[in-house]
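Worksheet: the structure to be examined is printed underneath.
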Amino acid sequence: MLIIKDLKAKVEGKEILRGINLEVKPGEVHAIMGPNGSGKSTLASVLAGKEGYEVTGGEVTYNGKNLFEFESEDRAREGIFLAFQYPIEIPGVSTINFMKTAVNEIRKYKGIEPMKAGEFMKMIKDKAALVELDSEMTKRYVNVGFSGGEKKRNEIFQMAVLDPKLGILDETDSGLDIDALKIVANGVNKLKRKDNAFVVITHYQRLLDYIVPDFVHVLYNGKIVKSGDKSLAYQLEEEGYDWIKEESAVN
Amino acid sequence: MNFKEYITAESNNAINGFDSDLVKIKRADAFSHFERAGFPAKNNEEWRFTNITPIINGEFRYSPDIKISKDKISKLPEYNFDADILVIHNGKYSAELSKTNSGLKNGFIGSFREGLKKHRDIIEQHFGKYASADADGFTALNTSSFSDGVFIYAGSGCKIEKPVIIINFCEGAGEEVFSNTRNLIVAGKNCYADVSEVYYSAGSKSTFSNVVTEIYMDENSELHYNKIQNENEKGYHIGTTQVLQKNSSRLYSSTVAWGGSLLRNNLNSVIDGEGIDCYFRGLYMVKDRQVIDNHTLADHAKPNSHSNELYKGIMDGSGQAIFNGKIMVRQDAQKTNAYQTNNNILLTNDASVNSKPQLEIFADDVKCSHGATTGQINPDEVFYLRARGISEAAAKKLLLSAYAHEIIDEIKNEELKKHLVKMLDKKLG
């Protein structure tokens, strides 16, 4: 589904990603861990096509196509969803209106008629229930006045509505208490299928108690320096990142 | 003959012709003010950013009585609202096209001239008292030269349930039109009214609409007052709305300015009592080489009242907008709460805005604030929307629409609101 080969990228002239290799197949959950400043969020932003990130080397193929030939919105329409680390507040736009516009723009891209109002409302209700979001929240302006947990839950709700093939969660667990964390993780688990995949970016192991990854990768200094199964996450929890830093200094 | 010379030559014809000595005296007096003061000069601080040369150098002429076809008016959406409709064509009232069916027992909705016949005492009591002819050349010109306008009177306790729509339509028959409309709204104690002034112009020749609306709001009256400006690219408009508010009166004013070549609105309220609410809301959108100028004044003369202003602008093309919002708190006006916000979004490098908030406070126990922002559409918001599959163009439109909605949503007249939402959608492309 997603193949990243030797990906290098700069932000404001500074090289942050220094050769990333990663393959994600349908049905898999990958966790990307690493200390602060290792390049985790940069990777997410580059995949979503945020401006200001310059790809200086390597390639990314998504379902056999060069990802970088797609604009941000087309990546979303092709099934990539980024759950933001810091979701944006949009005064004046209700979540429901936001999602209606998004759903219909994606349908237009695929050559499908806009969704009928009744069908859309039913879907909103179902998806809100799936991620345990009070559907009244969807009538409010996007993220305006939301707590940190509510914002993250709203991200998962949007992910449920847009039903992506590849979901990228950028530190969705940061700033969440344990209850909010469980709800977010539950949402992801319910959305998990054989034909979709998730990349979960996180600093801490605790999210991985609830979203069980098939693979864990450690990103350090712009490179994946170690990969393993979920036991690697426990090791990081126990021992911290220092041994990774030391190992990578030796190599 | 330049415009001012033409006005002087026509002055005698213009001033006379009203069946009230008092009105006549005020008109003659106003004309001498206009002769002395003329049009505002370039160095006049109140007109610093607004170039009125195209008006001064124009060849505008009082329009002869020409009939306007009903087709032209009836296709305007507002004409078909469930409302009392008053039609003013080139500054003259059209009884034929107007539709007033309210049959008020204790009030009046009609032309200024008709009003003078039926309620002379009330008109003489209020006319020319609030909009001062010596303050401004355009007001002096309007006072001395208007031919007609609308008079709305709601006597004590009178609730005018149906909205009132005043359609101002300017179009000459081959010449540049000079239209002066003079409106007077007198809201008695405990009364209610919802009045909208809607402006259109048509044709290939320039039109100059010089409008003054005076509003008196007695104790505990409530007025929803909207001004919607849809003039074409040849339309010039200078307008003053001057309000006097008494105890516990509530003014909800919304201005939507998105047409014309040059529009200037002066909206002033003297808050002359306690427990008053005064809301000024405005949306302005310029493109091409349009100029839209909004000057407002919330003048707190007495204690314990509240004013709240929110004006928002979207500037495209080489358009220019001016916002000048003044809050005056006089010495007696203790415990005043006065707030003002002005937000501006520039869509191009050539568009501009001059935003000038002014606070003049002479009382010591007040709560006042003002804030002005100018910027572009937030790129983080655009990216967030694009990351959900929304195109860049659609994302920008959604964000601008939400931004403008905050003003339109506050309009009470549901039919007008719906129509404006549709118009907004079209304007945002």
Side-chain angles (χ1 to χ4, degrees), chain A residues 44-53 70-95 97-110 112 141-144 151 154-155 157-165 167-168 170, chain B residues 254 256 281-285 310-314 341-345 347 371-411 417-418 420-422 424-429:
Chain A
S45 295
V46 166
L47 293 177
K50 193 171 182 190
E51 279 170 28
Y53 293 80
F70 293 99
E71 295 285 343
S72 307
E73 54 267 41
D74 288 341
R75 295 181 198 186
R77 291 161 180 176
E78 292 282 343
I80 294 178
F81 183 96
L82 171 66
F84 280 49
Q85 183 178 3
Y86 303 107
I88 309 293
E89 297 181 8
I90 308 179
V93 180
S94 66
T95 298
N97 188 19
F98 177 29
M99 284 297 100
K100 197 172 145 204
T101 308
V103 165
N104 286 332
E105 285 252 319
I106 293 168
R107 287 170 77 103
K108 193 166 87 186
Y109 178 80
K110 292 179 176 166
I112 313 171
Y141 293 152
V142 178
N143 296 326
V144 176
K151 284 182 183 174
N154 196 17
E155 293 292 285
F157 166 71
Q158 292 172 35
M159 186 161 80
V161 170
L162 300 180
D163 192 21
K165 293 194 189 99
I168 303 165
D170 187 7
Chain B
S254 298
V256 176
R281 298 175 183 117
L283 171 67
Y284 46 94
M285 289 170 64
L310 175 63
Y311 267 63
K312 291 179 134 185
I314 300 172
T341 305
N342 175 227
N343 301 133
N344 297 287
I345 293 181
L347 298 180
T373 62
T374 298
Q376 280 90 38
I377 301 178
N378 185 336
D380 290 337
E381 292 179 5
V382 174
F383 176 66
Y384 190 56
L385 268 55
R386 290 177 72 190
R388 300 294 176 254
I390 299 172
S391 71
E392 189 172 357
K396 286 182 173 171
K397 185 177 171 179
L398 187 64
L399 293 170
L400 288 174
S401 169
Y403 171 82
H405 258 266
E406 192 180 358
I407 302 299
I408 293 176
D409 286 351
E410 292 296 329
I411 290 175
K417 192 193 303 182
K418 261 189 206 154
L420 292 173
V421 166
K422 238 190 258 169
L424 174 70
D425 193 56
K426 252 191 224 167
K427 285 190 185 278
L428 293 175

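Sequence lines set the chain letters: A, B, ... in the order given, protein chains first and strands last, and positions in each chain run from 1.
With values rounded to the nearest 0.5 angstrom, A:Leu47 atom CG is found 7.0 Å from A:Ile80 atom CD1. One distance of note links NZ of B:Lys312 with CG of B:Asn343; it measures 5.5 Å at 0.5 Å rounding.
The parts of B:Glu381 that come within reach of chain A are both its backbone and its side chain, each placing non-hydrogen atoms under 4.5 angstrom from that chain. In this structure, no portion of A:Pro164 lies under 4.5 Å from any heavy atom of chain B. Contact annotation for A:Glu78: neither backbone nor side-chain heavy atoms come within less than 4.5 Å of a heavy atom of chain B. For A:Val103, no part lies near chain B; criterion is any non-hydrogen pair under 4.5 Å.
Interface summary for chain B: among A:Ala76, A:Pro87, A:Pro91, the most heavy-atom pairs under 4.5 angstrom belong to A:Ala76.
Legend: residues meeting side-chain contact (heavy atoms from CB on, under 4.5 Å) with A:Asn97, ordered by chain and number and at least two apart, are A:Ser94, A:Thr101, B:Leu398. When the side-chain hydrogen bond (donor to acceptor under 3.5 Å, both in side chains) test is applied to A:Gln158, the partners found at least two apart in sequence or on another chain are B:Tyr384, B:Arg388.
Counting only distance, with no hydrogens or angles, the side chain of B:Lys396 and the backbone of B:Val382 share no donor-acceptor pair below 3.5 Å.
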